[in-house]
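In what follows, chains carry the letters A, B, and so on, assigned in the order in which the sequence lines appear, proteins first and then strands, with residues in each chain numbered from 1. Hydrogens, waters and symmetry mates play no part in the numbers below; they use all other heavy atoms, side chains included.
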Amino acid sequence: MFFGLGVLRGLMVTLKNFVTSYFMPPDRGGLFTVEYPEKRLPVIERFRNFPFLVYDKDPENPRCVACEICANECPTKCIYIEKDTDPNKKPLRRPAIFDIDITVCMNCGICEEVCPFDSIYMDHPFEVASSDRLEKLLFHKNDLLKSNDYFHKIRPTHAAAIDARRRAVEEKKKSAAVKPSETGQPPKAQNGGKP
Amino acid sequence: MEILDSIFLNTKKIFLDLLGCWLPDWMILLVNIGIIIGVIAVLGPVIMMYLTLLERKIIGRMQNRIGPNRVGIFGILQPIADGIKMFTKEDIIPQNADKIVHFLAPVLMVIPALLAFAVLPFGRGMIPVNLNVGLLFFIAVSSTSTICVFMASWASRNKFSILGGMRSAAQMISYEIPMVLSVVPVILSAESLSTYAIVEAQARWSGLHWFVFTPWGLLAFIIFFLCGVAECNRSPFDLPEAESEIVAGFHTEYSGMKFALFYMAEYMNTFTVSALAATLFLGGWEGPVLPSWLWFFIKTHALIFVMFWFRGTLPRFRVDQLMGLAWKLFLPLTLINIFVAGGYHLISDRNFRVAGASAVLLVSFLLFTVFLNRKYMPEKRRYDLVD
């Protein structure tokens, strides 16, 4: 009924915001800005950015067998793979060249989905900006290869589940090799049911 | 306290005494004037610079942001960075613009804003020019900025500019009248037009006999302040530069330093209007304990904060609401307020006159808000199409 009462109420709202922004924590009306380059929020485990390749013990023998499934499935075709060869020009089960052009990569994670050898996974670092488009933003094999320990560090639960599965497959293979007559079938590396 | 109170005056006096050893008397007089002009000419841009920062900080906080904090500690060098940016920007003049007027408008815009500083009493004895018609001078000078706004809008030859200019002119005419009328009770009470004398008239009760503590003073203060906000085109009265409606209003076609000059004039107006409201109603530099100039700046900045607060809270008025507020509420209220203030001075019994004045003003306020501002629906007309 009184003229201007709503205006006063609105003014009190902004005044409250002004005062609480100095004294209160973010959940009670304080500032929730994180001043990014100086302070940063922790990256959550399920954060997924550009892909990387996993090796178990030795970077020379990665899990990747250069099957090129990821390169074929990649929607933006940003992965380029060449098989390694031995001196007799016989192809080996490891990549000689593995390039990912991250200026093209759109972080969809399809490579991770389709990889049957648990080799390619999405990474955490996101500050990849560079002034050199052709050199710094084209990741070569050496940039991409990271150890399984690193994978455990950034995504512990996912990495542990995958390791457990791989170990189970490994055991099965061993037991099958010892008593092939009992199972009757050669063991296969299964890729179903990734977490 | 006495030393702090007159620290600026004494500094100037010592400086002039030193010069007096070499220079003749008439030169000292000129130097004295030169110092005052120099201080005002420096004060204006400095005030503009830190008010922009202050506004961005305060509004940021009201919107739960931090505000500028990258340039210098707490962002105090932000205005300088902005100034450098403004200086280096290209100065664009539209092809069909009236080039002379287009150039003159921003330059002339700053002059009234700076002139208004001349009659502000910054502290005890610290008034640049103690004009005996100081208040009249202030009102006359500050209203000329409308001409510059209209010059800018007309010379730009742009439909948005001209709309902004038209709105500015309409708004100024509407708000000038209640603004001047709301000052009349103060003149009545202080029996002077000099801003310095008006402050001294509020000196009783150890410097707390402010006009705002009387019924008519409170009403006049509110109306004067709101009209002042409208005078310097600030939100919620910023129709001349309404971004969402007419791009940038009268300064659509201005860039670089000319745009900065408009900005400067706006912020200096903000300061001078707040300072004048503090002078007329909040006792100016009068106040207990603290030095006089500190009191003046505290009161002025409190009012400036309220302006920023409005900006952070209220949406922009519609044109008819803007006009309705000025003509249908402020104008009748100020007219009644003058009579109430007159009666207040005739009656000597304190309790009776306070109660009477409050009652009359409250009743008239309700009367005007209810009856003059009731919903008006224009009669429906039908225009039958001619075959």
Side-chain angles (χ1 to χ4, degrees), chain A residues 1-50 102-103 105-107 123-133 135-137 154, chain B residues 54-71 73-75 218-219 222-223 225-226 229 235-237 302-317 321 324-325 328-330 332-333 361-375:
Chain A
M1 124 116 216
F2 282 110
F3 189 73
L5 215 60
V7 171
L8 290 180
R9 215 176 292 138
L11 284 170
M12 286 329 286
V13 170
T14 40
L15 188 67
K16 204 181 111 230
N17 257 340
F18 178 73
V19 175
T20 53
S21 75
Y22 283 100
F23 305 110
M24 290 293 179
D27 53 334
R28 287 166 59 199
L31 293 175
F32 35 74
T33 312
V34 178
E35 288 176 65
Y36 160 63
E38 289 93 36
K39 301 173 200 161
R40 46 185 72 215
L41 296 171
V43 178
I44 56 165
E45 195 188 328
R46 294 199 169 190
F47 179 70
R48 278 135 206 259
N49 216 328
F50 303 111
I102 63 161
T103 58
C105 176
M106 62 181 194
N107 306 332
D123 205 351
H124 271 183
F126 51 92
E127 289 156 318
V128 292
S130 164
S131 56
D132 190 353
R133 179 164 64 92
E135 286 303 314
K136 301 269 174 60
L137 293 183
I154 62 167
Chain B
L54 208 64
E55 167 155 41
R56 289 168 70 182
K57 280 292 216 187
I58 288 174
I59 294 208
R61 288 285 171 170
M62 282 176 179
Q63 297 163 350
N64 276 338
R65 293 183 288 112
I66 292 173
N69 66 347
R70 292 282 135 175
V71 194
I73 186 167
F74 299 127
L218 182 64
L219 184 75
I222 293 169
I223 292 178
F225 186 65
L226 290 179
V229 176
S235 181
F237 301 98
L303 290 181
I304 289 172
F305 175 79
V306 175
M307 283 200 186
F308 294 162
W309 189 13
F310 281 167
R311 161 101 193 267
T313 310
L314 302 174
R316 192 176 298 120
F317 275 117
Q321 290 169 334
L325 194 66
K328 291 199 286 193
L329 188 66
F330 287 172
L333 270 181
L361 290 178
L362 209 62
V363 165
S364 50
F365 176 73
L366 292 178
L367 208 74
F368 291 133
T369 49
V370 174
F371 286 97
L372 280 180
N373 292 284
R374 66 184 182 277
K375 279 223 171 72

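- When every heavy atom of Arg65(B) is checked against every heavy atom of Leu31(A), the shortest pair comes out as O-CD2, 3.3 Å.
- Remark: the backbone N or O of Thr14(A) is not paired with any side-chain donor or acceptor of Trp309(B) at under 3.5 angstrom.
- Around atom CZ of Arg133(A), no more than 12 heavy atoms belonging to other residues, nucleotides or ligands sit under 6.0 Å away.
- Between the CG atom in Asn17(A) and the CD atom in Gln63(B) there is a gap of 9.0 Å [rounded to 0.5 Å].
- Heavy atoms from other residues, nucleotides or ligands lying under 6.0 Å from CZ of Phe47(A) number more than 12.
- Between atom CZ of residue Phe32(A) and atom CD1 of residue Ile66(B) there is a gap of 10.0 Å, rounded to the nearest 0.5 Å.
- Proximity to chain A is absent for every atom of Ile59(B), based on heavy atoms less than 4.5 angstrom apart.
- Here the CG atom belonging to Asn64(B) is positioned 6.0 Å from the OG1 atom belonging to Thr20(A), to the nearest 0.5 angstrom.
- For Phe305(B), the part lying near chain A is the side chain, with the backbone staying farther off; criterion is any non-hydrogen pair under 4.5 Å.
- Environment of CZ in Arg46(A): sparse, with no more than 12 heavy atoms of neighbouring residues, nucleotides or ligands closer than 6.0 Å.
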